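Encoded as structure tokens, the structure appears first; notes follow it.
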Amino acid sequence: MFKYLFTCWLFLALSSPVKADSATLSLQNDSLYNDNLIKAADSLTNQAGRFNTDLKLFEEIFQISDIEKHQLYYSSLSNMAWCQWQTGQYNESIQSSNQVLSMDSSRINELYVAYSFALSSKAISYSFLGDFPKSIELFRQRIDLILRVAPEDHLRISVTYSNLATTYSRIGDVVNGLKFMKPALSYIAKAPASRQQKRQAGSIEQNLGWTYALLKNYRKSEEHFQNAIQHYQNIYSANHPSIGNLYIAMGGSYGENNKFELALDCLKEALAIFEENFGTGHFTIASALSDIGNAYTNLLQFDSASYFLSRSIAAAKRLIRDQSVDQSVLALPYFSMATMLSQTNDLKNAQHYLDSARRFMGRVDHRFNFELSKEQIDLYLRQSKMDKAIASLDSLRKASDQDHFDNSERSSIHAGYARYHRLNNRPDLALQSISEAIDQYRDGTGLLIAPNFDLLEYCLLQANLLIQDVNPTDKSTYSALKK
């Protein structure tokens with residue numbers, strides 16, 4: 001099954017409109033504030049999100065600012081860092097953020113907005129690079145900074161707690177995800193009523209919807225999504241792109257709950273909103289078409305899936321041709337086409353599209369690369385290319401020794417080994433690998449915590465089958481694993 005919450009998270013990360021932070025807006029009182037900066041600040045609030053253009057403008061401002069002393073230097077750098085991660089330049093964003101964060105400590109209070117903005121950009125960049133522990137550390141630093149310097153800045157505190165909670169949820173730690181969403185809700189309730197406050201309240205409800213979807217508590221998930229709709233409807237028109245993004249998230253939740261018809265309704269609603277706002281010339285169109293194709297794939301309606309995925313690829317190619325958009329916009333629709341073709345057993349063409357997805361993935365996004373690697377291993381195993389499969393598994397396991405792989409990803413790798421061993425008629429080794437997959441979810445006391453329920457259910461099923469292969473009378477091992 002195609003993982004809806006993964007693809008929808010990637011879509012939202014690439015497409016969610018970004019609002020101008022006061023690090024930008026505060027420059028309006030600066031003596032060096034000029035027309036370029038006005039255009040850049042306005043562009044940051046533009047739904048089209050032309051961050052490459054914004055980046056060039058901020059680079060120009062950076063060049064004319066007083067390199068040693070002027071606050072415009074740090075503010076332009078912090079905005080450069082923001083635009084850089086938005087355009088997939090994660091390492092460059094980290095470098096720009098580091099230049100801001102290296103300011104003399106005596107100036108942090110004076111320039112805390114730019115400083116906190118740089119912390120946020122750096123945290124987000126590390127998240128995209130897959131270094132979640134570093135990302136979490138930086139979000140915590142940002143919270144500590146704001147509480148120390150501007151404890152009444154309830155809105156920015158809420159935003160950061162929400163980002164921290166979402167990062168925990170992304171790595172499967174939904175316990176901490178819910179834990180840190182509570183102060184996010186508390187602080188947003190204290191913030192002065194404003195359009196931005198209502199927007200953040202809606203964003204928190206949307207994130208809670210995602211978190212409960214991860215917990216498979218779909219009733220609570222839908223409840224929070226509906227709360228988000230109410231918040232957004234107070235500040236947005238019914239066809240606002242943020243409403244479209246929310247429908248994408250709801251579609252992901254329905255897809256995870258195997259309610260693919262409802263998922264399709266939400267995704268098509270999102271597509272209509274995006275088309276009304278952007279015509280056909282925007283990457284949200286290509287992404288929404290891809291998500292609709294995925295829904296049809298899960299409904300086993302492959303002709304419809306192929307139709308929408310082909311439209312997605314065509315839309316992405318038009319963006320590259322007409323608007324000089326980075327070629328990475330093709331990665332997701334190519335990946336979706338590969339997964340669909342794999343289900344129809346057209347393995348040759350599936351391999352072609354998977355190779356293309358990897359080639360076009362300009363953003364060094366850890367999670368997407370991991371999903372690509374898993375799909376590649378699946379294709380190798382189905383084509384009985386066992387040498388290539390084990391080499392890819394070994395490479396992935398070696399990479400997983402790095403801290404930024406979460407337990408769900410490590411568990412997936414062990415499950416891959418189990419499948420490899422079983423195909424090689426080694427059920428004993430397969431059972432060992434499945435046990436190791438399950439063990440990834442145990443805490444120090446041996447209890448299972450914050451599991452990826454789909455993967456855990458799969459592992460337990462495989463364990464039961466493998467025990468029957470090894471020793472049909474041995475039920476104790478399966479009982480112990482299930483417990």
Side-chain angles (χ1 to χ4, degrees), residues 18-45 51 54-86 92-126 134-164 183-184 187-188 190-192 194-197 200:
V18 177
K19 295 82 184 175
D21 190 280
S22 54
T24 300
L25 302 182
S26 65
L27 298 180
Q28 294 183 14
N29 296 322
D30 196 288
S31 61
L32 290 181
Y33 189 76
N34 55 31
D35 290 341
N36 275 347
L37 187 58
I38 294 172
K39 292 175 184 177
D42 289 344
S43 182
L44 274 176
T45 65
F51 294 104
D54 301 336
L55 180 56
K56 291 177 183 177
L57 292 172
F58 282 121
E59 287 172 345
E60 291 177 17
I61 299 164
F62 172 71
Q63 294 299 325
I64 67 170
S65 62
D66 182 338
I67 299 301
E68 295 299 328
K69 301 177 182 179
H70 209 283
Q71 73 174 41
L72 187 58
Y73 167 74
Y74 293 109
S75 296
S76 58
L77 266 175
S78 65
N79 281 288
M80 281 171 57
W82 186 263
C83 292
Q84 283 165 333
W85 78 257
Q86 285 282 354
E92 291 84 351
S93 178
I94 291 170
Q95 291 172 5
S96 296
S97 297
N98 284 338
Q99 287 180 265
V100 178
L101 300 176
S102 65
M103 71 171 66
D104 188 278
S105 59
S106 63
R107 302 197 68 188
I108 293 177
N109 287 12
E110 170 196 356
L111 299 172
Y112 111 89
V113 172
Y115 194 93
S116 68
F117 203 30
L119 281 172
S120 181
S121 293
K122 189 175 179 180
I124 292 169
S125 294
Y126 273 119
K134 189 66 175 178
S135 178
I136 288 169
E137 176 189 342
L138 288 163
F139 280 132
R140 286 177 176 273
Q141 287 180 22
R142 190 176 197 240
I143 291 170
D144 291 342
L145 170 71
I146 302 172
L147 288 174
R148 176 172 57 83
V149 177
E152 299 304 312
D153 193 351
H154 296 142
L155 180 62
R156 198 172 266 109
I157 295 170
S158 173
V159 169
T160 314
Y161 269 118
S162 180
N163 288 337
L164 178 62
Y187 276 103
I188 199 59
K190 298 177 185 177
S194 67
R195 183 181 178 87
Q196 193 173 5
Q197 185 263 355
Q200 173 62 10

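Bear in mind that the values here come from a model prediction, so they are computed numbers and not experimental data. Residue numbers run from 1 in the order of the sequence given.
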- Task: Would you check if the side chain of S97 reaches a backbone N or O of S93 as a donor-acceptor pair within less than 3.5 Å?
- Result: yes
- Does a donor on one side chain and an acceptor on the other come within less than 3.5 Å for E137 and Q141? yes
- Starting from the C-alpha separation in whole Å, work towards a yes-or-no answer on side chain to side chain contact (heavy atoms under 4.5 Å, CB included) for I124 and F139. CA-CA 9 Å; I124 292 169; F139 280 132; 4.0 Å; yes
- CD-CE distance between E92 and M80, expressed to the nearest 0.5 angstrom: 10.0 Å
- Query: Should the pair Y161 and Y187 be assigned to parallel (<30°), tilted (30 to 60°) or perpendicular (>60°) ring geometry?
  - Reply: parallel
- Task: Determine the minimum heavy-atom distance between S78 and S121, stating which atoms define it.
- Result: O-OG, 4.2 Å
- Message: To the closest 0.5 Å, what do you measure between CG (L155) and OG1 (T160)?
- Response: 9.0 Å
- Might you work through the side chain to side chain contact (heavy atoms under 4.5 Å, CB included) test for E152 and H154, ending with a clear yes or no? CA-CA 5 Å; E152 299 304 312; H154 296 142; 3.7 Å; yes
- Item | Interatomic spacing from CG in N79 to CD in Q84 - rounded to 0.5 Å | 10.5 Å
- To the nearest 0.5 Å, how far apart are CD in Q99 and OH in Y74? 9.5 Å
- Note on the structure: Here the gap from S194 atom OG to Q200 atom CD, rounded to the nearest 0.5 Å, amounts to 10.5 Å
- Task: Please report the closest heavy-atom contact between K122 and L101, naming both atoms and the distance.
- Result: CD-CD1, 3.9 Å
- Note on the structure: Between V100 and A114 the two heavy atoms that sit nearest each other are CG1-O, 3.7 Å
- Task: Supply the atom-to-atom distance I157 CD1 to D153 CG, rounded to the nearest 0.5 angstrom.
- Result: 6.0 Å
- Query: Do S120 side-chain atoms and S116 backbone N/O form a donor-acceptor pair below 3.5 Å?
  - Reply: no
- Item | Verdict with supporting geometry, Y112 and I146, side chain to side chain contact (heavy atoms under 4.5 Å, CB included) | CA-CA 8 Å; Y112 111 89; I146 302 172; 4.0 Å; yes
